[in-house]
Amino acid sequence: MRAGNDVRAAVSGILAVAAGVSVGELVALPISPYASPYQAVAAFLVDFAPAFAREWAIDTFGTADKPALMVGVGASLVVLAVVAGIVQARRPPWGVAVVVLFAGVGVIAAVTRPTMQPSYLVPPLVAGLVAAAVLVVLCRGARTTASDGQWSRRQFLVASGLIAAASAGAALVARQISRAGDVLAERRGLTLPEPTTVADPIPAGAGLQVDGATPFLTDNADFYRIDTALQVPRLSTQDWQLRIHGMVDDELTLRWDDLMAMDSIEQIITLTCVSNEVGGDLAGNARWIGVPMREILDRVGVRGDADMLLSTSVDGWTSGTPLSAVTDGRDAILAVGMNGEPLPLEHGYPVRQVIPGLYGYVSACKWVVDWEITRFDRAQAYWTERGWGVRAPIKTASRIDRPAPLSVQPAGRVVVAGTAWAQHRGISAVEVRVDDGPWQPAQLADQYSIDTWRLWSFDWDATPGQHTLYCRATDGAGRVQPEQRVAPIPDGATGWHSRVLRVDG
Ligand SMILES: Nc1nc2c(c(=O)[nH]1)N[C@H]1C(S)=C(S)[C@@H](COP(=O)(O)O)O[C@H]1N2
Ligand SMILES: [Mo]
């Protein structure tokens, strides 16, 4: 008889856990997509998995690592449910204890979510309560049924009722997930706000008419992408919110419609990554539309002793920006548009920061959902916790873009062209040196603004042989790029870019 009882107990356990999970997901739906206990536990496992486990998962499942994880969590839940049912039938109330333990994992996972709100605790707690209650009721029934057929039928009815509830919950969850899949469709249909201030027109002389030169504006498809996201977040405008708290007079939570109700501006700004080696290509120049960040800070009333904006992305990444860079009059934007389109998903849809003059890791938070106004002596951000510089203004850089490295050129006139940037200071000169010769001035394209890169070219009278070309820029303050080679870590590389070419006789 024992085996039969065990099967019944196992089924009771599965129904109990299924009911708990579905009700938990159901309760989470109106709170936030990030309040789902199931998703929270999966995300928690990813965040806290040791490196070897993560590598093993990526090696084994490749790009299917995320679905594999979800299946893994599901399978563990089934095993837990069976164990809880059997334990509860044999030694009550220890089965309930197993369920409570698992609900505890859900609570811990919820607490560690970067977007965590106290309401995130409700779904795992409710899930635990429901699962425990169902387990107690069904297992009591299971023990009585051996001698009483009536109980059995009733139990069956209860069980099927629960299955119905569980599937209803699952259906709702599925709808929620499909809504996340709709983010791409939503983006396609999204209308950008009409900026009250448009960007100055680009002078014809800002670009270069030479093959292989970098275009003044970077297409979205060619724009460099740097982030820690394993999976590009899919955050809809409906789910987006920006919670502003910390050292402020009045906390504020902005929703998409609130943001759209504010005046927006259009501005062309060059973004740069601190990880660029000398001559690196992790820089791009785009036309952004968004709301000035300063206007939002004005609404909450920033306390005088605060000096840092700690921004958190929906995936938990953080950046720490000096508040002065947001309030000193430069065009720090909470951007929603990039080159005339809504932000591409991988560039921060629906909302990201763009702040001229600072490397991306201390300024350009993508998928931003939380602003804490704090102090540099109280808080740290993702990369500064890992040894990168706390304050990271962009260092002056210049790069040779053409001719291609190690290419063979005909003797005579060769057009050398490149890019130079020193955002928020501007570029006042670029010089080129051939081998050990003197520095010669390059021709500068028109400067669009001090917040954008500046293209340059140099007419080189090439003589046969192998040559090394060097370039160096001077910023708007008159400071020449130093020769000394410094690695990107902790706050940006320095040194002159060079390129070796052969010239045929
Ligand atoms: N959420 C999030 N935002 C982020 C990052 C990240 O890892 N996560 N990386 C930053 C870094 S280091 C850079 S250089 C810029 C790059 O922006 P892009 O990918 O749009 O070019 O984004 C910044 N914003
Ligand atoms: Mo970066």
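Every value quoted in this text rests on a predicted model; they were computed, and no experiment measured them.
In this structure, Pro322 and Phe376 have side chains that are in contact, with non-hydrogen atoms separated by less than 4.5 Å. Residues Ile265 and Ile289 have side chains not in contact (no heavy-atom distance under 4.5 Å, counting atoms from C-beta outward). Taking 4.5 Å as the limit, some side-chain heavy atom of Tyr382 sits within range of a side-chain heavy atom of Thr228. With a 4.5 Å cut-off on side-chain heavy atoms, Arg352 and Ile333 do not count as touching. With contacts defined as side-chain heavy-atom distances shorter than 4.5 Å, the pair Asp249/Val300 does not qualify. Annotation: side chain of Ile489 is not in contact with side chain of Trp383 (no heavy-atom distance under 4.5 Å). Side-chain atoms of Trp288 and Glu266, non-hydrogen and from C-beta on, never get closer than 4.5 Å to each other. Side-chain contact between Arg485 and Val278 is present, with at least one heavy-atom pair separated by less than 4.5 Å.
When the shell of 6.0 Å around CD of Glu194 is examined, it contains 12 or fewer heavy atoms from other residues, nucleotides or ligands.
With Arg399 contributing its side chain and Gly280 its backbone, the two residues share a donor-acceptor pair below 3.5 Å. Here the side chain of Glu251 pairs no donor or acceptor atom with the backbone of Ile244 at under 3.5 angstrom. Remark: the backbone N or O of Asn285 is paired with a side-chain donor or acceptor of Thr218 at under 3.5 angstrom. Panel note: side chain Asn276, backbone Gly492; no donor-acceptor pair is recorded below 3.5 Å. Looking at Gln267, its side chain never comes within 3.5 Å of a backbone N or O of Asp331 through a donor-acceptor pair. Remark: side-chain polar atoms of Thr374 are not paired, donor with acceptor, to backbone N or O of Ala379 under 3.5 angstrom. At least one donor-acceptor pair under 3.5 Å links the side chain of Tyr361 to the backbone N or O of Gly389. Between the side chain of Ser76 and the backbone N or O of Gly72, at least one donor-acceptor pair lies under 3.5 Å.
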- request: Decide side-chain contact (heavy atoms from CB on, under 4.5 Å) for Leu345 and Arg234; before the verdict, give the C-alpha distance in whole Å, the side-chain angles of both, and the deciding distance to 0.1 Å.
  value: CA-CA 7 Å; Leu345 264 51; Arg234 293 182 162 230; 4.3 Å; yes
field: Test salt bridge (Lys or Arg N to Asp or Glu O under 4.0 Å) applied to Lys366 and Asp227, step by step
entry: CA-CA 9 Å; Lys366 304 192 271 190; Asp227 54 60; 2.9 Å; yes
task: Check the pair Asp219, Asn339 against side-chain contact (heavy atoms from CB on, under 4.5 Å), reporting the backbone distance first and the verdict last.
output: CA-CA 7 Å; Asp219 288 342; Asn339 289 327; 5.7 Å; no
query: Stepwise, does the side-chain contact (heavy atoms from CB on, under 4.5 Å) test hold for Arg225 with Val232?
result: CA-CA 11 Å; Arg225 175 188 165 200; Val232 176; 3.5 Å; yes
field: Intermediate values then yes/no, side-chain contact (heavy atoms from CB on, under 4.5 Å), Leu252 and Arg243
entry: CA-CA 6 Å; Leu252 174 70; Arg243 184 173 156 246; over 6 Å; no
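Listed here is the closest heavy atom pair of Leu242 and Asp370: CD1-N, 3.4 Å. Among all heavy-atom pairs drawn from Trp240 and Leu259, the shortest one is CH2-CD2, 3.9 Å. In plain terms, the two heavy atoms of Ile268 and Ala199 that are nearest each other are CG1-CB, 4.2 Å. Of all the heavy atoms in Pro193 and Ser264, the pair that sits closest is CB-OG, 3.6 Å. Of all heavy-atom pairs between Ala110 and Ala40, the closest is N-CB, 4.4 Å. Pairing each heavy atom of Trp371 with each of Met293, the nearest pair is CZ2-CE, 3.5 Å.
The CG atom of Asn220 lies 11.5 Å from the CZ atom of Arg287; values are rounded to the nearest 0.5 Å. Interatomic distance, Ile373 CD1 to Ser311 OG, rounded to the nearest 0.5 Å: 8.0 Å. For the atom pair OG1 of Thr272 and CG of Leu282, the computed distance is 9.0 Å after rounding to the nearest 0.5 Å. Atom CG of Leu235 is separated from atom CH2 of Trp256 by 10.0 Å, given to the nearest 0.5 angstrom. Here Thr214 contributes atom OG1 and Asp281 contributes atom CG; the two are 9.0 Å apart, rounded to the nearest 0.5 Å. Atom CG in Asp377 sits 10.0 Å away from atom CE in Met308 (nearest 0.5 Å).
In this structure, a donor-acceptor pair under 3.5 Å is absent between the side chains of Thr452 and Gln423. Side chains of Gln353 and Ser363: no donor on one and acceptor on the other come within 3.5 Å.
Applying the side chain to side chain donor-acceptor pair (under 3.5 Å) test to every pair with at least one member in residues 312-329, sequence neighbours left out, gives these pairs: Ser313-Asp315, Asp328-Arg330.
For Arg375 and Asp307, the salt-bridge test fails: no basic side-chain N is under 4.0 Å from an acidic carboxylate O.
Each of Glu186, Met260, Arg187 was checked for a side-chain contact (heavy atoms from CB on, under 4.5 Å) with Thr237, and the lone residue meeting it is Glu186.
Partners of Gln241 under the side-chain hydrogen bond (donor to acceptor under 3.5 Å, both in side chains) rule, at least two apart in sequence or in another chain, are Arg255. Take Asp250 and apply the side-chain hydrogen bond (donor to acceptor under 3.5 Å, both in side chains) test, not counting sequence neighbours, and it matches no residue. For Val126, the side-chain contact (heavy atoms from CB on, under 4.5 Å) partners two or more places apart in sequence, or in a different chain, are Val23, Val27, Val122, Val130. Under the side-chain contact (heavy atoms from CB on, under 4.5 Å) criterion, Pro215 pairs with no residue, sequence neighbours left out. By the side-chain hydrogen bond (donor to acceptor under 3.5 Å, both in side chains) test, Asp451 pairs with His424, sequence neighbours left out.
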